[in-house]
Amino acid sequence: MRIRIWILIVLLAAPFLRASAQEIMLTQGWKLKIGDSITWAPPQYNDSGWKPANVSLPWEEQGYPKTDGFGWYRVHVVIPASLKEKAFLKDSVRFDLGYIDDGGEVYLNGKLVYKNYKNGSDIQHGFYGPCSFSVGTNDLAVHWDKENIIAVRVFDTGGNGGVYGDKFDIKMMDVMDNVSINTDGDFSYGEKSLGKSIKLKAGSSYEYAGKLNFKVTDPETDSTIYEKTNDAHFSAHSPFTYTFTIARLEKKSYKITYTFTDAKSGKQIQKTEGTPYILTPVVQAKPRINGPDVFGERPGNPFLYKIPASGQKPLVYKATGLPAGLKLDAATGIITGVMGNKADYPVIFTVSNKLGSDTKKFTIKIGDVIGLTPALGWNSWNAWGLTVNDQKVRTSANAMADKLSEHGWTYINIDDGWEAASRNANGEIVPNEKFPDMKGLTDYVHSLGLRMGIYSSPGPKTCGGYLGSWQHEDQDAKTYGDWGIDYLKYDWCSYSEVTAQNPTLEDYKKPYQVMRASLDKVHRDIMFSFCQYGMGDVWNWGTEVGGNSWRTTGDIEDTWKSLSSIGFSQDKTAGGASPGHFNDPDMLVVGKVGWGDSQHNTRLTPDEQYTHISLWSLLSAPLLIGCDMGHLDNFTLSLLTNDGVLAIDQDALGKEARQVVKKDDYQIWAKDLEGGDKAIGIFNTSDKYQTISLNANDELLKGYTKAFDVWTQKSIIGVPNKLTFKIPPHGVKLIRLL
Ligand code: GAL
């Protein structure tokens with residue numbers, strides 16, 4: 001009996017015991033109810049009938065399969081006054097409630113204290129992201145030493161939903177919680193130096209004064225290369241800028257660690273980043289024809305292809321054997337026209353300038369299949385989220401035309417956020433005020449030799465809460481055709497609301513079959529990109545339903561965790577890829593990303609970015625740049641303009657790499673290429689430098705006599721003997737065997 005009482009005391013005291021520490025854990029005790037009522041916010045509401053919720057998992061994984069729409073979570077928690085009494089700063093309390101997927105509002109004792117959408121908008125425009133906010137210590141919503149009720153209202157469309165993640169706690173806002181080390185400036189490249197300015201920024205009234213330590217280490221040896229400590233002071237009104245220039249080191253990434261220590265509180269904040277290093281050789285002044293070897297269009301539809309060629313301008317373009325119906329603009333390299341008959345047309349392109357010329361054999365395939373090689377382009381989502389507008393699209397198109405189209409980049413795709421709130425009197429979809437002239441914008445994109453993409457959902461609403469195409473499929477496909485659209489991303493989202501609770505395979509296919517039929521009525525080649533996160537193993541039936549590509553996963557983020565878990569789990573999808581039909585492991589997260597109106601440098605290290613582009617190319621993935629194209633730094637540009645790497649992605653055989661070696665700390669993926677070549681990616685998935693070898697008798701090397709380092713575009717000496725590579729943490733060696 002005594003023992004039982006003792007256990008009871010411990011259990012009852014558990015929240016207080018935790019609270020005597022610096023934080024209150026909030027991972028337990030949550031309850032969930034699917035549905036929506038504002039009466040579920042106030043503390044007096046009786047939630048005793050609600051089901052327990054596991055906040056480490058989305059609600060789909062705990063008895064609510066494919067649930068879209070509203071749900072509420074509640075938890076009861078005592079917030080002890082000792083928390084503030086022991087804190088160095090006593091201004092506000094910080095709540096971390098994992099991630100909210102998608103829209104969310106948090107009520108503390110009935111008061112709305114957080115929402116993940118903008119003023120003037122609503123919860124249906126809220127977006128998946130970490131839920132972290134603070135409430136003033138003196139705010140009456142906080143009940144010190146008493147029970148508090150936290151109620152979270154969630155609105156989910158498409159994919160997973162709910163409140164979930166690893167970080168659920170309450171603590172006092174710390175001195176460093178309001179400080180950011182902003183490293184979003186670009187590196188400047190001198191001939192032998194690398195420089196950058198970073199900023200220390202404060203978000204509270206506290207005056208920060210202390211030391212900033214700047215340290216460069218070699219991750220291979222862990223040795224320090226440079227170290228410097230400076231005084232630093234800053235406040236909310238005046239940030240501290242630190243500018244450095246270091247000698248440009250050998251071709252690898254070094255680790256920079258910035259550590260600020262505040263003298264008064266003794267607290268520290270630290271951030272690391274890798275120095276960029278460029279492997280892609282400088283583009284030569286002599287002409288060079290890049291891009292794929294094949295291009296497909298359907299007979300009778302408008303034809304548009306710009307010959308991708310680099311070299312000193314002006315370039316003069318020539319095409320020998322161009323079939324009747326097509327004409328080439330010799331000054332721009334843009335081929336237009338209409339082709340009548342299904343056939344393969346071999347053509348020879350020649351591009352010249354005053355330094356010389358280059359020629360390339362090319363095949364125009366007029367037939368039923370378009371998108372014979374994966375789409376190379378840009379999509380607005382990872383950069384701009386719902387803040388995309390006409391100007392941002394034009395900026396991207398200009399940047400693509402100036403810097404990327406010569407390497408084969410073509411598509412300018414508008415994602416969600418372009419649609420007006422209601423259809424016009426004829427039921428047609430119309431753009432909102434951010435896109436005053438969609439046809440004019442499309443014409444402009446075409447005038448640059450580029451193609452235009454758009455976004456919709458088979459459901460009544462898109463993921464961002466905008467109008468979808470449900471029951472207007474024919475009409476929308478016709479509108480896209482009238483505007484001159486070349487690519488449609490079709491995102492499942494609220495289609496869950498209009499299909500079966502537990503969809504069958506046929507239910508998964510249906511909305512894509514319906515839109516396929518609508519697109520087929522339009523006299524235009526519109527690439528059809530399915531976005532339904534891989535449901536029903538879409539890679540097994542995407543081709544049959546007429547998709548040119550299909551997403552195989554949920555949304556990517558600019559972290560190693562997201563990148564590696566998506567990228568390295570694609571082996572299962574490999575059988576689905578063929579010319580015109582590709583698996584899509586989601587868009588690129590290099591450059592400045594942000595999913596909204598503020599951008600940050602990708603959080604991937606330079607080596608992780610090499611892995612990203614290499615792996616996606618091996619996977620024959622559509623490469624859709626997801627960054628602010630108005631601010632392409634040299635390193636990002638070098639990642640996107642390596643013709644040897646792009647050639648692996650664009651290979652005409654259309655195969656996807658297979659995972660041939662999977663160890664705890666490294667993986668090898670291999671892709672068969674047209675003409676018998678093979679591409680191999682050796683990925684170091686560990687946190688340390690590694691030396692990885694391929695033996696001469698390794699199956700992978702059999703029959704090959706030459707190897708080519710794809711990023712540096714140099715021959716590798718050693719084949720057919722043992723090949724040994726030193727590969728940085730999370731980095732890659734990409735090889736082409738000939
Ligand atoms: C998501 C999709 C994203 C983006 C977004 C727009 O479902 O995966 O790539 O399109 O919707 O609302």
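Note that the coordinates shown come from a computational prediction; the quantities given were computed from them, not determined experimentally. Note that ligands are numbered from 1 as they come in the structure, with each ligand's atoms numbered from 1 the same way.
Within the 4.0 Å heavy-atom shell around ligand 1 one does not find Thr462. Ligand 1 lies out of reach of Trp492, whose nearest heavy atom is not under 4.0 Å from it. In this structure, Tyr466 does not count as a contact residue of ligand 1, since none of its heavy atoms falls inside 4.0 Å of the ligand.
Residue-ligand proximity, Lys489 to ligand 1, at heavy-atom distances under 4.0 Å covers atoms 3 (C), 4 (C), 9 (O), 10 (O). Close approach to Gly464 involves these atoms of ligand 1, each under 4.0 Å from a residue heavy atom: 12 (O). In the vicinity of Cys463, heavy-atom distances shorter than 4.0 Å reach the ligand 1 atoms 1 (C), 7 (O), 11 (O), 12 (O). The Phe127 neighbourhood of ligand 1 comprises atoms 12 (O), with distances under 4.0 Å to a heavy atom of that residue.
Ring-centre distance between His730 and Tyr610: not below the 6.0 Å cut-off. In summary, the aromatic rings of Trp381 and Phe127 are positioned with their centroids under 6.0 Å apart.
Looking at atom 10 (O) of ligand 1, its nearest protein heavy atom turns out to be Asp415 OD1, 2.7 Å. Nearest non-hydrogen protein atom to atom 2 (C) of ligand 1 is Asp491 OD2, 3.2 Å. The protein heavy-atom contact nearest to atom 3 (C) of ligand 1 is Asp555 OD2, 3.6 Å. Among protein heavy atoms, the minimum distance from atom 12 (O) of ligand 1 is reached at Asp416 OD2, 2.8 Å.
A salt bridge between Arg658 and Asp571 is present, with a side-chain N of the basic residue lying under 4.0 Å from a carboxylate O of the acidic one. A salt bridge links Asp525 with Arg298: the closest approach of a Lys/Arg side-chain nitrogen to an acidic carboxylate oxygen falls below 4.0 angstrom. Remark: Lys592 engages Asp186 in a salt bridge, criterion side-chain N to carboxylate O under 4.0 Å.
Each of Trp40, Phe155, Tyr64 was scored for a ring-ring contact (aromatic ring centres under 6.0 Å, His included) with Phe70, with one residue passing: Phe155. In summary, of the residues considered (Thr552, Thr553, Asp491), a side-chain hydrogen bond (donor to acceptor under 3.5 Å, both in side chains) with Tyr533 occurs for Asp491 alone.
A 6.0 Å sphere centred on NZ of Lys655 holds no more than 12 heavy atoms belonging to other residues, nucleotides or ligands.
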